[in-house]
4 protein chains.
Amino acid sequence: MSGPEGIQGDQLRTIVERIEHVEEEIRDLSEAKKEIFLEAKGAGFDLKVLREVVRLRKQDPEDRDEHATLLELYMDAVRAPSPKAKAA
Amino acid sequence: MSGPEGIQGDQLRTIVERIEHVEEEIRDLSEAKKEIFLEAKGAGFDLKVLREVVRLRKQDPEDRDEHATLLELYMDAVRAPSPKAKAA
Amino acid sequence: MSGPEGIQGDQLRTIVERIEHVEEEIRDLSEAKKEIFLEAKGAGFDLKVLREVVRLRKQDPEDRDEHATLLELYMDAVRAPSPKAKAA
Amino acid sequence: MSGPEGIQGDQLRTIVERIEHVEEEIRDLSEAKKEIFLEAKGAGFDLKVLREVVRLRKQDPEDRDEHATLLELYMDAVRAPSPKAKAA
DNA sequence: GATGCGCTTTAAATGC
DNA sequence: GCATTTAAAGCGCATC
């Protein structure tokens, strides 16, 4: 009287506990990370900029450049009322 | 002489403006929502609990029916140290 | 027979319903926004870049420039092993 | 000869590296977590339900005690069309 | 002014 | 490959 997997209670419990364990470790590390940011803030660094630095360094330079190029292109296109008609 | 989409400046600008328009409407509604909360606070209601009420009412119609059966099965399996052994 | 505000059930219900109503409108607008992005994607635009365009246009130019300056400063500082030693 | 924090390049670099290090550890743990889920899937468990189990177990110890009373009061008030008419 | 919480938004994973 | 769903990050507010 059970479904396809209803019986492996021990296995399921083990799995759940292992997941909870990893998640706890992740939580601890996230705490540590947060404290590094606080320390940086205390040292006078701009957290918003700091986050962007970390984010940018994660991307490989190629993508970063391509992104920057496209961004400039888009920004210009949005800015100008009508690139072609403006001609001169 | 341009990338795949470099030319459609007008189209891009239209898109950006439409996005900005929707976002503005969303911002206005968020303001309205905030004022309702303020009004509730003025009437003596606990905002924290009020938020929880709204959140709970959002969930109820959803899950509580779908995989409720399987969920209960799993929860029981995880809770009990050893379903079989407990037996008698 | 009730707490400080236990009685105003009608008022509370009205408040909750108003909140739910605004939230529904917000949800609809968010849907609309998402569809604009999908349309942009279909037209060949890079969504990631598009999002950044929208985000940048939200900040006033002053902050944007200051952020950009600091960012460059930080990136350089992180990149160079020892700025001072670089001397000349 | 610089802004408020322009000089501490070494300090900034140390901070960034420490952040990147923690993030790498977090990434590894996330990988491990993902593999546990894959293993569970291989054993025939429903991942969607499994995730819900983990989530529910996270919430239980928390709220269910704190403002449970007020919450119940509010929920009842919202549910019932007219609390006073409760009569009997 | 700093801290913590909640919401919004963004990126990733999974299934179709 | 697309489209939904889910977890994570960033941001802003409200509080103390």
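This structure is a prediction, so every number in the text was calculated from the model and none was measured. Quick note on labels: first sequence line is chain A, next is B, and so on, each numbered from 1.
- Applying the salt bridge (charged side-chain N to carboxylate O under 4.0 Å, His left out) test to B:E23 and every residue at least two apart in sequence or in another chain returns C:K33, C:K58.
- B:R18 meets the side chain to side chain contact (heavy atoms under 4.5 Å, CB included) test with B:T14, C:I36, C:E39; sequence neighbours excluded.
- For B:D46 and F:dT15, the CG to P distance is 11 Å, given to the nearest whole Å.
- Residues satisfying the side chain to side chain contact (heavy atoms under 4.5 Å, CB included) test with D:L38, not counting sequence neighbours, are none.
- In this structure, A:F37 atom CZ and F:dG10 atom P are separated by 7 Å, rounded to whole Å.
- Rounded to a whole Å, the CZ atom of D:R27 is 15 Å from the C1' atom of F:dA7.
- Applying the side-chain hydrogen bond (donor to acceptor under 3.5 Å, both in side chains) test to A:R79 and every residue at least two apart in sequence or in another chain returns A:D76.
- Proximity of residues 48-62 of chain A to DNA chain F (heavy atom under 4.0 angstrom from any strand atom) is restricted to A:K48, A:R51.
- In terms of position along DNA chain F, the nucleotide closest to A:E23 lies nearer the 5' end than the nucleotide closest to the other residue of the pair A:E23 and B:L38.
- Among E:dA13, E:dT8, E:dT9, the nucleotide with an atom closest to any side-chain atom of B:K33 is E:dT8.
- At whole-Å resolution of the value, CD in D:E31 and P in F:dA8 are 13 Å apart.
- Regarding A:L29, its CG atom lies at a distance of 11 Å from the P atom of F:dA9, rounded to whole Å.
- The CD1-C1' distance, from D:I36 to E:dA13, rounds to 17 Å in whole Å.
- In this structure, CZ in C:R64 is found 5.5 Å from CG in C:L56, a value given to the nearest 0.5 Å.
- Looking at the side chain of B:K34, the nearest of the listed nucleotides E:dG15, F:dA14, E:dA13 is F:dA14.
- One can place NZ of B:K41 at 14 Å from P of F:dC13, the figure rounded to the nearest angstrom.
- Atom CD1 of D:I26 is separated from atom C1' of F:dA7 by 13 Å (rounded to the nearest Å).
- Every residue two or more places apart in sequence or in another chain that forms a side chain to side chain contact (heavy atoms under 4.5 Å, CB included) with B:E31 is listed here: B:K34, B:E35.
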Exercise. Would you check, one step at a time, whether the test ring-ring contact (aromatic ring centres under 6.0 Å, His included) holds for B:F45 with B:F37?
Key: CA-CA 9 Å; B:F45 292 106; B:F37 273 105; over 10 Å; no
